[in-house]
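In what follows, a structure is listed as structure tokens, so that the remarks can point back to it.
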There are 2 protein chains.
Amino acid sequence: MSQRNIDVSPQVESPWVQAARDDDHSVEACTLMDVIDRVSGKWAIGIMVAAARGPIRFTELERAVSGISRRMLTLTLRNLERDGLIRRTVYPVVPPKVEYTLTPIAEDLYESLASLTSWAERNRVAIAEARVEYDARADE
Amino acid sequence: MSQRNIDVSPQVESPWVQAARDDDHSVEACTLMDVIDRVSGKWAIGIMVAAARGPIRFTELERAVSGISRRMLTLTLRNLERDGLIRRTVYPVVPPKVEYTLTPIAEDLYESLASLTSWAERNRVAIAEARVEYDARADE
DNA sequence: CTGCATCCCTATGGATACTG
DNA sequence: CAGTATCCATAGGGATGCAG
């Protein structure tokens with residue numbers, strides 16, 4: 001389900017600008033939401049970062065992503081695998097051995113995420129201050 | 001609560017690379033999670049897109065962001081305001097008039113989000129195919 | 001080792017009546 | 001108009017026992 005079939009105009013200067021001009025918020029907003037949903041949730045990012053260094057096994061992930069439960073690790077891995085972000089390789093040995101690897105598009109995704117990290121770093125202070133100020137006004 | 005106080009090293013090439021080198025997943029992962037959390041949730045992006053065109057009033061937002069409830073609109077606006085992404089201006093008139101405007105850092109944020117939109121567009125097909133294939137294997 | 005099944009609890013979000 | 005307060009449904013996620 002959810003195959004939206006979006007036809008985006010060839011040259012985009014900036015999503016906001018485009019949205020403002022086209023009077024079509026939903027297109028950009030939905031595209032964005034799709035990818036955000038993919039990396040939101042408490043664990044997806046942690047898992048991808050842990051897997052970025054190369055093939056990693058289930059139990060190693062469990063240790064690398066601190067605080068994750070076995071259930072959530074499995075669930076998140078399945079979702080990532082379903083979206084084609086993680087490849088799961090089973091070695092038919094005993095005891096079982098399974099390796100998880102990032103796919104190329106996952107690495108590409110993370111490159112894109114880098115600009116968000118950059119934004120967060122640039123504005124960390126401003127955000128912290130905004131919060132303090134907001135809370136101060138709310139508290140009294 | 002949650003004032004992490006993160007000290008990030010000055011020059012970052014790529015989050016993955018850094019994570020792989022520093023053996024410190026948590027820093028990048030957390031920074032990323034912070035900003036993701038800020039724009040995740042069902043409504044934040046829709047509201048920001050709607051507000052991108054200029055000052056917008058509460059009721060206008062309610063109409064612009066289709067499907068949102070009054071409660072969630074209020075809550076999401078408060079969060080965005082607290083993080084310094086939206087400025088709330090009250091005009092002391094009757095009936096009340098309140099305008100919401102994006103702050104500069106919110107516009108900057110959206111510029112950064114653009115690369116995610118781009119990624120989603122580049123890989124929409126690949127993801128759809130991955131899902132079909134995954135579901136096919138799971139179904140039988 | 002890997003990971004599914006179960007139980008349970010909490011946070012998120014929907015609907016809507018009420019107020020300054 | 002611009003919210004707040006309240007009630008309720010559901011999904012996300014924690015803990016953990018069991019199995020291939």
Side-chain angles (χ1 to χ4, degrees), chain A residues 1-2 29 33-34 36-47 50-51 55-83 86-101 134 137-140, chain B residues 1-2 29 33-34 36-48 50-51 55-83 86-101 134-135 137-140:
Chain A
M1 64 226 73
S2 144
M33 285 262 305
D34 283 348
I36 296 277
D37 284 350
R38 214 156 265 122
V39 295
S40 67
K42 213 169 173 181
W43 307 110
I45 290 180
I47 289 177
I56 187 171
R57 301 183 58 175
F58 189 88
T59 312
E60 290 173 329
L61 274 172
E62 208 172 352
R63 279 191 295 266
V65 183
S66 74
I68 195 169
S69 67
R70 206 164 271 155
R71 176 186 133 90
M72 288 316 297
L73 179 54
T74 304
L75 281 180
T76 310
L77 282 172
R78 292 298 169 273
N79 283 332
L80 291 172
E81 190 193 351
R82 187 169 111 98
D83 283 342
I86 283 232
R87 183 176 40 246
R88 178 169 177 271
T89 312
V90 183
Y91 298 90
V93 297
V94 316
K97 173 176 175 180
V98 179
E99 274 183 352
Y100 293 92
T101 322
Y134 182 92
R137 271 181 300 169
D139 274 354
E140 101 239 350
Chain B
M1 62 234 74
S2 146
M33 285 261 304
D34 284 347
I36 296 278
D37 284 349
R38 213 157 266 121
V39 297
S40 69
K42 215 169 170 180
W43 306 111
I45 289 180
I47 289 177
M48 292 206 288
I56 187 170
R57 302 182 57 175
F58 189 88
T59 312
E60 291 174 327
L61 274 172
E62 207 172 352
R63 278 190 296 266
V65 183
S66 74
I68 195 171
S69 68
R70 208 163 268 154
R71 176 184 134 91
M72 287 317 295
L73 179 54
T74 303
L75 282 180
T76 310
L77 282 172
R78 292 295 172 274
N79 283 332
L80 292 172
E81 190 194 352
R82 187 169 111 97
D83 284 342
I86 282 230
R87 183 174 43 246
R88 177 170 177 271
T89 313
V90 182
Y91 297 90
V93 298
V94 318
K97 173 174 175 179
V98 179
E99 275 183 354
Y100 293 91
T101 322
Y134 183 93
D135 293 347
R137 271 180 300 169
D139 273 356
E140 101 239 349

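Naming convention: chains lettered A, B, ... in sequence-line order (proteins, then strands); numbering from 1 in each chain.
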| message | Does C:dG13 have OP1 or OP2 under 4.0 Å away from a side-chain N or O of B:Ser69? | response | no
| note | note: B:Ile68, atom CD1; D:dG3, atom C1'; distance rounded to Å ~ 13 Å
| request: Could you check how far NZ of B:Lys42 sits from C1' of C:dT12, rounded to whole Å? | output: 10 Å
| message | Taking the nucleotide of DNA chain D with the nearest heavy atom to each, does A:Gly41 or B:Phe58 sit closer to the 5' end? | response | B:Phe58
| task | Report the distance from atom CG of B:Leu73 to atom C1' of D:dG3, rounded to the nearest whole Å. | result | 10 Å
| Any idea which of C:dG3, D:dG13, D:dA2 is nearest the A:Trp43 side chain? | D:dG13
| message | From CG of B:Leu75 over to C1' of D:dT4, roughly how many Å is that when rounded to an integer? | response | 10 Å
| task | Would you mind telling me which residue lines up with the more 5' stretch of DNA chain C, A:Arg78 or B:Ser40, judged by nearest nucleotide? | result | A:Arg78
| task | Quick one: label B:Thr74 by what it contacts on the DNA or RNA (base, sugar-phosphate, nothing), any heavy atom closer than 4.0 Å. | result | base
| task | May I have the distance from A:Glu60 (atom CD) to C:dC1 (atom C1'), rounded to whole angstrom? | result | 11 Å
| query | When you match A:Val90 and B:Pro96 each to their closest nucleotide on DNA chain C, which lands nearer the 5' end? | reply | A:Val90
| message | Between A:Glu81 and A:Arg87, does any NZ, NE, NH1 or NH2 come within less than 4.0 Å of an OD or OE carboxylate oxygen? | response | no
| message | Taking only side-chain N and O atoms of A:Tyr100, does any of them lie within less than 4.0 angstrom of OP1 or OP2 on C:dC1? | response | no
| task | Please work out if A:Arg57 contacts a base, only the sugar-phosphate, or nothing of the nucleic acid, heavy-atom cut-off 4.0 Å. | result | sugar-phosphate
| Side-chain heavy-atom pair A:Leu61, A:Tyr100 within 4.5 angstrom cut-off | yes
| field | Length of the CD1-P vector between A:Ile47 and C:dT2, whole Å | value | 14 Å
| Nearest non-hydrogen partners of A:Arg38 and A:Asp83, listed with the distance | NE-OD2, 3.0 Å
| N/O (side chain, A:Arg88) to phosphate O (OP1/OP2, C:dT2) under 4.0 Å | no
| task | Looking at every strand, decide which applies to B:Arg70 at a 4.0 Å heavy-atom threshold: base, sugar-phosphate, or nothing. | result | base
| said: What is the separation between atom CG on B:Asp37 and atom P on C:dA11, rounded to the nearest whole Å? | reply: 15 Å
| task | Measure from the side chain of A:Thr59, starting at C-beta and using heavy atoms only, and say which of D:dA2, C:dT2, D:dG14 lies closest. | result | C:dT2
| Side-chain N or O of A:Arg71 less than 4.0 angstrom from OP1 or OP2 on C:dC7? | no
| query | Do B:Arg57 and B:Val98 come within less than 4.5 Å of each other through their side chains, counting heavy atoms only? | reply | no
| field | Whole-Å distance separating the OH atom of A:Tyr91 from the C1' atom of C:dG3 | value | 18 Å
| Taking C-beta and beyond as the side chain, do B:Phe58 and B:Glu99 meet within less than 4.5 Å on heavy atoms? | no
